[in-house]
**Student:** 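Here it is: the structure, laid out below.
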Amino acid sequence: MNRILSYIRRKLSVRVSLWVVIFAAIIFIAALSFLFYQSREAVRQEAVSRATQILDKTSLRVESILNRVEVASEMTEWLVLRHPEQADSMFVYSRGMLLNNPDFYNCSIAFEPYYFKDRGRYFSAYSKHDADGIRTIQGGSDNYQYFYMDWYLMPKLLDKPCWTEPYMDLDVPTNTVETVTSYCQAIKDGDGKVIGVINTSLSLNWLSHTISAVKPYPNSYSIMIGRGGTYFVHPDSTKITRQSIFTQTMEKPDSSLSALGHAMTRGEEGMMQMQLNGEKSFVFYKPLGQTGCSMAIVCPERDIFGGFDRLRRTVMIIVLAGLLLMLYFFIRIITRELSPLRRLADEAETIASGQFDAVLPDFRRTDEIGQLSHSFGNMQQSLVRYIGQLKDTTAQKASIERDLHIANEIQMGMLPKVFPSYPEREDVQIYASLAPAKEVGGDLFDFYFRDGKLFFCIGDVSGKGVPASLFMAVTRSVFRTVSAHESLPDRVMTNLNKTIAEINDSLMFVTLFVGVLDLQTGKMQYCNAGHDEPLLVGAGVGTLPCDANIPVGVDPTWNYSLQEADIYAGTTIFLFTDGLTEAENASHELFKIERVRETAEASLSRHEQAPHQLIDAMTAAVHEFVGDAQQSDDLTMMGIQFRPGA
């Protein structure tokens with residue numbers, strides 16, 4: 001026993017847990033005893049009994065209405081067969097059906113074509129309730145050939161009276177539509193030959209109001225379905241005749257709703273507990289005699305167990321009072337038990353303010369607080385060591401950043417950066433820009449004049465950062481050296497490729513475009529080594545055709561091809577790297593060559609095809625497309641406009 005007590009004293013978590021368990025057990029045992037004192041099963045049985053009684057009464061009422069329709073139809077058939085040759089009597093019988101049964105919607109006594117030869121092909125004694133009483137007319141016309149309607153054909157085909165599925169009944173004189181279900185009974189003469197059909201209809205709206213008028217609970221409702229599961233009665237009028245009880249299960253499988261639908265269409269009687277429209281409900285269902293229809297009453301669980309929920313709220317108040325009482329004791333107990341932690345927290349604040357040599361209190365305890373104090377001491381020592389290492393790392397990082405900044409300045413210094421670079425020349429305009437993705441990049445461009453010709457190049461080194469920048473510097477230097485002695489771009493490219501490949505131990509490569517523009521004739525000789533094809537912006541926007549050559553530095557034996565093109569006055573040669581076409585926005589969509597062409601065409605339409613105007617427009621278009629997304633690749637553009645005689 002002493003060992004157990006000693007363990008409890010050393011474990012703060014055990015002490016707190018014991019207090020929680022003891023007080024929670026006392027409160028919840030009392031609350032649950034009171035809660036389950038009221039039997040949930042008794043509430044459920046009372047609800048079943050109440051709903052079943054109302055369902056029985058409602059079904060009896062509906063069955064009596066349906067039976068009255070059937071009996072009235074049989075009586076009318078008897079009257080018709082007494083005087084089957086007297087057409088005017090049919091109007092009296094039809095009207096009398098509604099006079100004796102004011103809740104019927106309409107009645108039609110329809111006969112076979114030309115049965116009354118003096119009345120023509122159609123004869124139907126049709127009566128219907130309206131605002132002024134009962135309107136009786138002769139129905140049937142070429143526009144309404146009743147003997148092709150379901151209500152006329154069904155009793156003939158089935159050879160017995162039957163109820164139809166709900167349908168829309170159009171009242172032509174008033175141009176109104178009503179959803180009805182009809183009881184149809186064939187009229188047979190003494191030889192058993194069908195001479196007509198008696199059709200008596202009930203309004204589904206009226207039937208729905210009649211059934212829904214009785215509710216066992218405030219939020220309960222009734223439904224009624226036909227033989228195929230079609231809704232005859234439903235609180236949502238949009239579903240009546242338009243949907244069946246199985247419609248929802250096709251959109252979203254629901255085994256319980258399917259089971260209910262099948263049970264009702266089979267004519268079974270019973271009760272189910274299920275989820276309907278997102279809430280738990282009890283469904284009581286029962287068939288309606290021999291009609292093939294079935295009705296159900298849906299009672300939400302929240303209505304049935306409303307009293308039970310009120311009882312539960314009472315228990316919740318009791319539990320809350322108990323928790324408040326527990327809170328009072330916990331505050332006192334934990335305050336006493338955790339007072340050493342307050343001192344430890346104060347010392348931790350002192351350390352956090354920068355006084356890393358502060359002395360932590362020694363509580364001489366063996367429980368969690370003592371272990372925490374020891375851990376704080378270890379953390380203090382580790383923090384002092386980490387701060388020292390962080391200072392060294394920060395200094396090293398600052399040194400690297402300074403070196404990268406200097407490298408960027410050196411790299412940018414190797415490329416032309418003052419525009420116009422040759423203000424004294426009016427026969428050509430040149431403008432270029434380079435935006436590295438990192439501190440230093442692998443894109444390059446260069447140009448200079450020799451012997452009345454403009455030598456220029458643009459390239460993109462594989463990779464990024466410092467390795468790419470060094471490879472770019474070598475490529476630019478070799479271009480200057482080789483092109484000083486060679487005037488043909490293919491030979492410049494071939495010699496440059498051999499030189500680069502010999503020193504390319506890192507297996508890098510560079511896509512490169514080299515061009516030589518004769519400023520006297522406008523003839524441009526060029527060679528492309530796997531680089532993006534330039535655009536020509538002048539009379540229109542076109543692509544400069546380029547042969548398929550491999551990048552520089554891959555194969556030292558590759559022979560590059562020479563191509564020529566005539567550059568007309570005012571045409572701007574727009575060169576760029578793949579950092580333009582592959583610029584990404586936040587949705588990882590690429591800028592692509594199609595947007596490059598669209599931007600160039602827009603600039604041309606504004607007569608802004610000068611190099612600096614074209615590059616400024618392209619830069620603005622890329623920035624708008626990319627938005628806040630981080631730049632993923634170096635972006636270099638160069639424009640050269642040929643202006644002879646300017």
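Below, all heavy atoms of this structure are taken into account, side chains as well, without hydrogens, waters or symmetry copies. Given the structure is predicted, the values throughout are model-derived calculations rather than measurements.
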**Student:** Is the backbone of T599 close enough, under 3.5 Å, to the side chain of S603 for a donor and an acceptor to pair up by distance?
**Tutor:** yes
**Student:** Roughly how far apart are M295 CE and E63 CD, rounded to 0.5 Å?
**Tutor:** 10.0 Å
**Student:** Does D150 have more than 12 heavy atoms from other residues, nucleotides or ligands lying within 6.0 Å of its CG?
**Tutor:** no
**Student:** Given E112, which partner from the list K156, K188, K193, R119 fulfils the salt bridge (charged side-chain N to carboxylate O under 4.0 Å, His left out) test?
**Tutor:** K156
**Student:** Could I get the full list of side chain to side chain contact (heavy atoms under 4.5 Å, CB included) partners for S255, not counting sequence neighbours?
**Tutor:** none
**Student:** What closest approach, in Å, do M618 and V596 show between heavy atoms, and which atom pair accounts for it?
**Tutor:** CE-O, 3.7 Å
**Student:** Over all heavy atoms of both residues, which pair between A583 and V626 is shortest? Give the atoms and the distance, please.
**Tutor:** CB-CG2, 3.9 Å
**Student:** Please name the pair of heavy atoms, one in E584 and one in F625, separated by the smallest distance, quoted to 0.1 Å.
**Tutor:** C-CE2, 4.4 Å
**Student:** Search all heavy atoms of R95 against all heavy atoms of I134 and return the closest pair with its distance.
**Tutor:** NH1-O, 2.8 Å
**Student:** If you look at every heavy atom in E582 and L590, which pair is closest and at what distance?
**Tutor:** O-CD2, 3.6 Å
**Student:** Before accepting this row, confirm whether a basic side-chain N of the pair D236/R242 lies closer than 4.0 Å to the acidic partner's carboxylate O.
**Tutor:** no
**Student:** Take Y146 and Y148 through the test ring pair (Phe, Tyr, Trp, His ring centres under 6.0 Å) and record every step on the way to the result.
**Tutor:** CA-CA 5 Å; Y146 57 80; Y148 295 131; 9.2 Å; no
**Student:** Going through the distances and angles, do D169 and N106 end up as a side chain to side chain contact (heavy atoms under 4.5 Å, CB included)?
**Tutor:** CA-CA 10 Å; D169 181 72; N106 62 27; 3.5 Å; yes
**Student:** Supply the atom-to-atom distance Q185 CD to K160 NZ, rounded to the nearest 0.5 angstrom.
**Tutor:** 13.0 Å
**Student:** Kindly indicate whether the side chain of L79, heavy atoms from C-beta on, has any atom under 4.5 Å from the side chain of M75.
**Tutor:** no
**Student:** Tell me whether Q630 at atom CD has more than 12 heavy atoms from other residues, nucleotides or ligands lying less than 6.0 Å away.
**Tutor:** no
**Student:** Can you establish whether the number of heavy atoms outside Q243 located under 6.0 Å from its atom CD is more than 12?
**Tutor:** yes
**Student:** Could you tell me whether E624 atom CD has more than 12 heavy atoms of other residues or ligands within 6.0 Å of it?
**Tutor:** no
**Student:** With side chain to side chain contact (heavy atoms under 4.5 Å, CB included) as the test, would you mind laying out the steps for D633 and D578 before giving the verdict?
**Tutor:** CA-CA 8 Å; D633 197 3; D578 60 5; 3.1 Å; yes
**Student:** Can you label the angle between the Y122 ring and the F147 ring as parallel, tilted or perpendicular, going by 30° and 60°?
**Tutor:** parallel
**Student:** Fit a plane to each ring of H262 and F246, take the angle between them on a 0 to 90° scale, and name the class: parallel (under 30°), tilted (30 to 60°) or perpendicular (over 60°).
**Tutor:** tilted
**Student:** So, the side chain of T181 versus the backbone of T164: is there a donor-acceptor pair under 3.5 Å, distance only?
**Tutor:** yes
**Student:** Between D56 and S59, what is the shortest heavy-atom contact and its length?
**Tutor:** O-OG, 2.9 Å
**Student:** In this structure, is the centre-to-centre distance between the rings of F123 and Y115 below 6.0 Å?
**Tutor:** no
**Student:** For the CD1 atom of I245 and the CD1 atom of I223, what is their distance to the nearest 0.5 Å?
**Tutor:** 4.5 Å
**Student:** Taking C-beta and beyond as the side chain, do T230 and I225 meet within less than 4.5 Å on heavy atoms?
**Tutor:** no
**Student:** Within a reach of under 6.0 Å around CE of M272, are more than 12 heavy atoms found that belong to other residues, nucleotides or ligands?
**Tutor:** yes
**Student:** Would you say the side chains of N199 and S182 form a donor-acceptor pair under 3.5 Å?
**Tutor:** yes
**Student:** Would E178 and S203 count as a side chain to side chain donor-acceptor pair (under 3.5 Å) here? Give the steps.
**Tutor:** CA-CA 7 Å; E178 181 75 15; S203 167; 2.5 Å; yes
**Student:** Say whether, by atom type as modelled, one donor and one acceptor occur between the side chain of S73 and the main chain of V69 under 3.5 angstrom.
**Tutor:** yes
**Student:** Rounded to the nearest 0.5 Å, how far does CE of M264 lie from OH of Y285?
**Tutor:** 9.0 Å
**Student:** Ring centroids only, cut at 6.0 angstrom: are F91 and Y93 within range, meaning strictly under it?
**Tutor:** no
**Student:** So, E594 and K592, do they make that salt bridge, N to O below 4.0 Å?
**Tutor:** no
